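Worksheet: the structure to be examined is printed underneath.
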Amino acid sequence: MSICKLSGIIIQREARVLELAPGEHVTFGRGPVDLVLPDLSVSRLAGRIDVVDDYWMISNLSRRSTYVVDDPEGGGELVKVPPGRVRAPIPFELAGVRLSSEAVSFLVFAPEHVLLHPDAPRNGQETAPTFPLDVTAKYFLILVALCEPRLRDPFSSVIPTVPEIIIRLAHLGLGRSAVNFHIDYLARVKLRVKTPERPGKPDWQRAALVSLALRHALVTSEHLALLETRSHSLS
């Protein structure tokens, strides 16, 4: 979905839509403000959004509440804005701003990110990828299955167990030892996650893989289609 202009942002709260150009700002809160959020948990002047040329900033003007700005289409990426924090830059093209509950929130549509053209000239030897992953390999499907709960719900804390992965990828016919082998291979060779001094929970390795894969966008919501595509192709 792309309804934003080349510059400026669009703020949407239910049926209310505000369009702001670079250099403009909008205040939000219980009121009197530009964007009214009629909830007693919200300060009268809760915050302010400032628009720059190709991004925007948010200020938390409350005394107690931490705001959460997340990417609804991402893999759990979010920015926490503590009380008193002003002009925090937000990197998402589409962002959900939550002041407390889902009922006290609004969306912000920002310009598309400016990217280096893929055909731009490069000098010297090509740089090797930091994490060389083969999206056609079984280990990558297991990584996608591990990340699936967080990709579908950025606030989920669920880490799939080995039996759950076996069921999710039943079309591959993998057993417990095979899944454990691929998880260990991902952790030691492909993503090189560090073993904690005190591992603690038995799922630390799976949790570390999910955290690293989502943090570096190695697995995105687009990869979820692989789980279904491979399943149908082998059925």
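Just so it is clear, the model here is predicted, and its values are computed rather than measured.
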Measure the spacing between [atom1] of [X] and [atom2] of [Y] and express it to the nearest 0.5 Å.
{"X": "Leu99", "Y": "Arg30", "atom1": "CG", "atom2": "CZ", "result": "12.0 Å"}
{"X": "Leu94", "Y": "Ile9", "atom1": "CG", "atom2": "CD1", "result": "12.0 Å"}
{"X": "Arg206", "Y": "Ile142", "atom1": "CZ", "atom2": "CD1", "result": "12.0 Å"}
{"X": "Arg64", "Y": "Ser41", "atom1": "CZ", "atom2": "OG", "result": "12.0 Å"}

Are Glu228 and Arg168 ion-paired here, with the side-chain N under 4.0 Å from a carboxylate O?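 Salt bridge between Glu228 and Arg168, a charged N being under 4.0 Å from a carboxylate O: yes.
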Within 45 degrees of the axis of the six-membered ring of Phe155 and under 6.0 Å from its centre: does Arg98 put its NZ or CZ there?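 That pair qualifies as a cation-pi contact.
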Under 4.5 Å between any side-chain heavy atoms of [X] and [Y], yes or no?
{"X": "Ile183", "Y": "Val162", "value": "yes"}
{"X": "Val51", "Y": "His25", "value": "no"}
{"X": "Leu20", "Y": "Leu18", "value": "yes"}
{"X": "Cys147", "Y": "Leu214", "value": "yes"}
{"X": "Gln12", "Y": "Phe106", "value": "no"}
{"X": "Arg13", "Y": "Leu37", "value": "yes"}
{"X": "Trp56", "Y": "Val108", "value": "yes"}
{"X": "Leu224", "Y": "Glu148", "value": "yes"}

[X] side-chain N/O to [Y] backbone N/O, donor-acceptor pair under 3.5 Å:
{"X": "Arg87", "Y": "Asp50", "result": "no"}
{"X": "Asn60", "Y": "Pro82", "result": "yes"}
{"X": "Thr27", "Y": "Asp34", "result": "yes"}
{"X": "Ser59", "Y": "Leu61", "result": "no"}
{"X": "Tyr67", "Y": "Pro83", "result": "no"}
{"X": "Tyr139", "Y": "Asp134", "result": "yes"}
{"X": "Asn180", "Y": "Arg176", "result": "yes"}

For [X] and [Y], work out which heavy atoms get closest and say how close.
{"X": "Val135", "Y": "Leu226", "result": "O-CD1, 4.1 Å"}
{"X": "Ile165", "Y": "Pro160", "result": "CG1-CB, 4.1 Å"}
{"X": "Arg44", "Y": "Val33", "result": "O-CG1, 3.4 Å"}
{"X": "Val79", "Y": "Pro91", "result": "CG2-CD, 4.2 Å"}
{"X": "Val158", "Y": "Ser156", "result": "N-OG, 3.2 Å"}
{"X": "Ser43", "Y": "Ser62", "result": "OG-CB, 3.5 Å"}

Run the numbers on Phe131 and Lys190 for side chain to side chain contact (heavy atoms under 4.5 Å, CB included), then give the verdict. CA-CA 6 Å; Phe131 303 107; Lys190 289 297 182 179; over 6 Å; no
Do [X] and [Y] sit in one hydrophobic cluster, given that two such residues count as connected whenever their side-chain heavy atoms are within less than 4.5 Å of each other, even indirectly?
{"X": "Ile11", "Y": "Leu45", "value": "no"}
{"X": "Leu151", "Y": "Leu227", "value": "yes"}
{"X": "Tyr185", "Y": "Ile166", "value": "yes"}
{"X": "Val193", "Y": "Leu146", "value": "yes"}
{"X": "Phe181", "Y": "Val144", "value": "no"}

So with a 6.0 Å cut-off around CZ of Arg192, is the heavy-atom count from everything else above 12?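 Yes - once you tally the heavy atoms of other residues, nucleotides and ligands closer than 6.0 Å, there are more than 12.
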Residues in side-chain hydrogen bond (donor to acceptor under 3.5 Å, both in side chains) contact with Glu24, at least two apart in sequence or another chain: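 Applying side-chain hydrogen bond (donor to acceptor under 3.5 Å, both in side chains) to Glu24 gives none.
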Return yes if a side-chain donor-acceptor contact under 3.5 Å exists between Arg215 and Ser211, otherwise no.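 Note: Arg215 and Ser211 side chains meet the donor-acceptor criterion.
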Please test Ile49 against Met57 for side chain to side chain contact (heavy atoms under 4.5 Å, CB included), starting from the C-alpha separation and ending with a verdict. CA-CA 6 Å; Ile49 288 176; Met57 299 180 290; over 6 Å; no
Identify, with sequence neighbours excluded, every residue that meets salt bridge (charged side-chain N to carboxylate O under 4.0 Å, His left out) alongside Arg16.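 Residues passing salt bridge (charged side-chain N to carboxylate O under 4.0 Å, His left out) with Arg16: none at all.
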Where do His223 and Leu218 land on the side chain to side chain contact (heavy atoms under 4.5 Å, CB included) test, with the steps shown first? CA-CA 9 Å; His223 290 122; Leu218 305 177; over 6 Å; no
Let's go through Val81 and Thr66 carefully: what are the C-alpha distance in whole Å and the side-chain angles of both, what is the deciding distance for side chain to side chain contact (heavy atoms under 4.5 Å, CB included) to 0.1 Å, and is it a yes or a no? CA-CA 6 Å; Val81 188; Thr66 294; 5.7 Å; no
